[in-house]
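In what follows, every chain begins at residue 1, and chains take the letters A, B, ... in the order their sequences are listed. Values in this document were obtained by computation on a predicted structure and should not be read as measured data.
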Number of protein chains: 2
Amino acid sequence: MTERKKLTLKDIAKELGISISTASRALKEHPDIADDTIKMVKDFAEKHHYVPNILAVNFRKNRTYNIGLIVPELVHHFFSTVISGAIDGAKKLGYNVLVSQSNDLLADETTACRTMLASSVDGLLISISNETLEADHLKEFLEEGKPVVQFDKITDHLNTPKVIVDDFEGAYQAVKHLIDQGYKKIAHIRGRREVKNANERALGYQKALEDHQMEQSSDWIKDCVHINEQEGYDFCEELLKSQNPPDAIFCITDLVALGVLKYLKEKQIAVPQEVGVVGFSNWKLAEIVNPGLSSVDQHGYEMGERSIVKLIQLIKDHNIENEEVIEIKTKLIIRGSSLKS
Amino acid sequence: MTERKKLTLKDIAKELGISISTASRALKEHPDIADDTIKMVKDFAEKHHYVPNILAVNFRKNRTYNIGLIVPELVHHFFSTVISGAIDGAKKLGYNVLVSQSNDLLADETTACRTMLASSVDGLLISISNETLEADHLKEFLEEGKPVVQFDKITDHLNTPKVIVDDFEGAYQAVKHLIDQGYKKIAHIRGRREVKNANERALGYQKALEDHQMEQSSDWIKDCVHINEQEGYDFCEELLKSQNPPDAIFCITDLVALGVLKYLKEKQIAVPQEVGVVGFSNWKLAEIVNPGLSSVDQHGYEMGERSIVKLIQLIKDHNIENEEVIEIKTKLIIRGSSLKS
DNA sequence: ATGGATTGTGCAAACGTTTGAAATTTTTTC
DNA sequence: GAAAAAATTTCAAACGTTTGCACAATCCAT
């Protein structure tokens with residue numbers, strides 16, 4: 001194939017009878033260079049399609065304009081939305097995004113981090129795995145002077161900026177909505193106790209009940225482990241077969257809510273009349289199911305975009321000491337599954 | 001922060017009283033180098049955590065071990081599955097993946113390509129946008145000697161390897177299944193005529209009808225433009241209100257099928273008893289809806305993995321003349337929406 | 001005219017690695 | 001024991017860019 005020899009600064013310099021340094025400076029309109037020279041060089045460069053060898057530039061400047069992005073799972077509506085926002089945001093600022101997934105395993109996350117570091121990304125954006133507690137592999141980044149920004153699933157063991165959803169408030173609003181709809185006995189199928197988001201949501205749930213003097217019961221709180229459809233189904237069964245069954249269920253995530261809905265449909269229990277259901281995350285499926293599933297939207301796209309903007313800002317400022325917490329407001333999307341009145 | 005000075009080959013050489021070149025070769029166990037020397041250097045490197053400056057290596061070798069991946073849409077079950085497979089495959093072979101999306105716009109695709117090229121990826125994996133016909137921006141890649149592999153949505157205007165699903169066969173099997181189930185009047189809501197996959201599926205549909213001497217009618221073929229839920233809904237209405245309404249509908253994709261199901265549910269037309277429905281792609285939603293939507297699985301993960309393996313092979317062989325077509329077998333997933341008997 | 005700014009340009013080193021070829025040392029052969 | 005062969009190591013250039021500093025040229029004020 002053609003693979004024509006690329007034009008370099010040296011070629012331009014020789015051709016124009018100037019030095020390489022002048023050519024280099026002219027192209028970036030350095031104030032030292034005469035306007036005529038600048039014009040001459042730029043015209044020549046344009047005419048001959050000069051494009052700087054980015055590898056040489058990166059090497060010289062010791063940066064890549066690449067950003068690493070690690071999520072627990074790629075095939076996941078929320079995370080792919082975040083990635084989409086991050087990529088679009090990065091593009092606007094002239095950065096590229098290297099994507100990797102941890103499969104929610106600490107081991108995979110660690111190797112992904114190492115690979116990112118080895119391939120010299122300028123910074124890292126990460127939503128940690130369920131298994132991540134200490135964060136030594138992330139500290140390696142900071143030690144190299146490369147900023148890290150955490151989003152969604154975060155650890156407090158690492159001093160970095162964090163972009164999170166206000167899980168507490170989101171859960172609070174969801175439960176308050178159920179209360180407003182007249183539900184009296186509201187259960188919560190919650191996530192793992194080690195995961196911060198899950199705890200925040202549980203706290204929001206509890207606070208909403210307290211603030212409105214609602215009945216509470218430890219029997220109404222069920223702990224997911226895998227956070228999947230089956231658990232939703234099983235816990236729903238448990239809840240409804242107990243001697244004091246709830247009349248509404250707030251679920252840690254839409255997938256779990258889906259299992260709940262499935263059980264209710266199978267048992268011909270009317271939603272939302274007999275039992276109300278609210279999920280979390282507002283996945284695509286929430287609008288697809290029938291009745292539509294009320295859910296708390298997390299604005300994944302915005303989260304991705306703001307995370308990357310923050311990260312790039314840190315990269316540019318050579319700042320790795322920042323610990324700002326950016327909270328994205330959630331939005332309760334009300335659909336049929338909780339609209340009794 | 002620390003940001004300790006990185007150890008370089010020069011440091012090792014000086015410390016060990018050898019030359020830089022010896023150190024370099026020793027680390028890669030070059031046969032010219034004495035075993036003792038190799039051991040000495042490797043031990044030293046290990047002990048002091050020497051890690052080569054990848055930027056320098058890349059510059060020197062003129063490659064990055066990064067691969068560009070462009071999809072029409074990131075937040076999309078099928079494409080995120082492909083990306084997942086591509087990333088996992090790349091990881092195994094020591095490559096990273098830069099992800100970008102075209103939003104199905106030629107303009108965005110072109111800039112994404114340029115960015116990828118400018119950031120010196122070693123090769124490109126792409127599923128083209130609906131708007132892409134000529135492929136000049138892709139040719140730029142080949143002209144630079146960088147291989148391109150197309151997958152799923154492809155153009156024949158570019159001579160590259162292609163990894164595709166056997167759309168024809170997938171459609172054929174889907175329609176044959178409907179025939180086997182006893183449906184007599186089978187309609188097809190098809191995709192755009194400019195898109196190859198859509199044409200293949202339409203051909204498979206037609207061939208299945210012919211092979212089984214089924215009734216055909218041009219009125220039973222509807223052309224989508226946006227390929228969304230609404231179109232499915234509207235075309236379903238049109239079809240069923242015509243004077244010769246079909247009793248089964250094969251849809252270009254699950255989203256369209258979803259619209260069809262929605263219409264049927266609203267009109268209380270029994271699925272699958274009165275009308276059978278089959279989609280294509282086997283999105284998550286297919287198992288979520290009720291009744292479950294029969295669909296043709298495209299094995300996205302495998303497609304991503306095989307595409308990247310092929311691409312990396314071309315990169316390693318410096319081969320950009322390959323035009324191999326890899327066909328991934330589809331698999332019909334039968335669910336309630338078409339299971340009459 | 002002389003000196004001091006000011007302006008524009010070039011020199012050369014530097015970034016860290018790889019690699020062909022030359023140089024050195026060691027081993028083999030007759 | 002000298003020449004040839006083999007084994008090991010070093011030299012130095014190269015990759016393309018950026019940048020501190022020196023130099024040269026022009027201008028202005030005295």
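Counting any heavy atom pair closer than 4.0 Å across all strands shown, A:T8 reaches sugar-phosphate atoms only and no base atom. Within 4.0 Å (heavy atoms only), A:I20 reaches at least one base atom of the nucleic acid.
At most 12 heavy atoms of other shown residues, nucleotides or ligands fall within 6.0 angstrom of atom CD in B:E15.
Within the 3.5 Å criterion, the main-chain N or O of A:F151 finds a donor-acceptor partner in the side chain of A:S127.
Here the P atom of nucleotide C:dC15 and the NZ atom of A:K61 are 17 Å apart, to the nearest Å. Look at CD1 on B:I18: it is 17 Å from P on C:dT25, rounded to the nearest Å. Atoms CG (B:N53) and C1' (C:dA14) sit 13 Å apart, rounded to a whole Å. Rounded to whole angstrom, the span from the CG atom of A:L9 across to the P atom of C:dC11 amounts to 15 Å. To the nearest angstrom, P of D:dA12 lies 15 Å from NZ of B:K10. Between B:L55 atom CG and D:dT17 atom P there is a gap of 15 Å when expressed in whole angstrom units. In this structure, A:K6 places its NZ atom 20 Å from P of D:dA14, rounding to the nearest Å. In this structure, A:N62 places its CG atom 18 Å from P of D:dT17, rounding to the nearest Å.
Once the 5.5 Å centre distance and the 30° plane angle are applied, the aromatic ring of A:F59 is found not to be stacked with the base of D:dT17.
Non-hydrogen atoms lying under 4.0 Å from DNA chain D are contributed by A:Y50, A:P52, all within residues 36-52 of chain A.
For the pair A:I315 and A:R63, the minimum side-chain heavy-atom distance is 4.5 Å or more. Residues A:K139 and A:L158 are in side-chain contact: their nearest non-hydrogen atoms beyond the backbone lie under 4.5 Å apart.
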Give the table of side-chain donor-acceptor pairs shorter than 3.5 Å for residues 34-46 of chain B, with sequence neighbours excluded, one pair per line with atom names and distance.
from: B:K39; atom 1: NZ; to: B:D43; atom 2: OD2; distance (Å): 2.7
from: B:K42; atom 1: NZ; to: B:E29; atom 2: OE2; distance (Å): 2.5

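The terminal axes of the helix from C:dA1-D:dT30 to C:dC30-D:dG1, fitted over 5 pairs per end, subtend an angle of 60° to the nearest 10°.
For B:S21, no side-chain nitrogen or oxygen approaches OP1 or OP2 of C:dT19 to under 4.0 Å. For B:T22, no side-chain nitrogen or oxygen approaches OP1 or OP2 of D:dT9 to under 4.0 Å. Residue A:K28 has a polar side-chain atom (N or O) positioned under 4.0 Å from OP1 or OP2 of D:dT18.
Looking at which nucleotide of DNA chain D each of B:R60 and B:S19 is closest to, the 5′-most match is held by B:S19. When the nearest nucleotides of DNA chain D are assigned to B:A56 and B:P31 by heavy-atom distance, the more 5′-ward of the two goes with B:P31.
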For nucleotides 21-23 of chain D, print each protein N/O atom paired with a nucleotide N/O atom at under 3.5 Å, atom names and distance only.
none

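Note on ring orientation: taking the six-membered ring where Trp is involved, the planes of A:H76 and A:F78 are perpendicular (angle over 60°, cut-offs 30° and 60°). Taking the six-membered ring for Trp and thresholds of 30 and 60 degrees, B:F59 and A:F59 have nearly parallel ring planes, at less than 30 degrees apart.
Looking at A:T64 and A:D122, their side chains do bring a donor and an acceptor atom within 3.5 Å of each other.
For A:D88, the side chain to side chain donor-acceptor pair (under 3.5 Å) partners are A:Y301, B:Q101, not counting sequence neighbours. Residues forming a side chain to side chain donor-acceptor pair (under 3.5 Å) with B:K153 (at least two apart in sequence, or on another chain): B:D104, B:N130.
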Checking side-chain contact (heavy atoms from CB on, under 4.5 Å) for the pair A:L311/A:Y95: CA distance, chi angles, key distance, verdict?
CA-CA 11 Å; A:L311 180 60; A:Y95 281 75; over 6 Å; no
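Using a cutoff of 4.0 Å between basic side-chain nitrogens and carboxylate oxygens, B:D156 and B:K196 are scored as salt-bridged.
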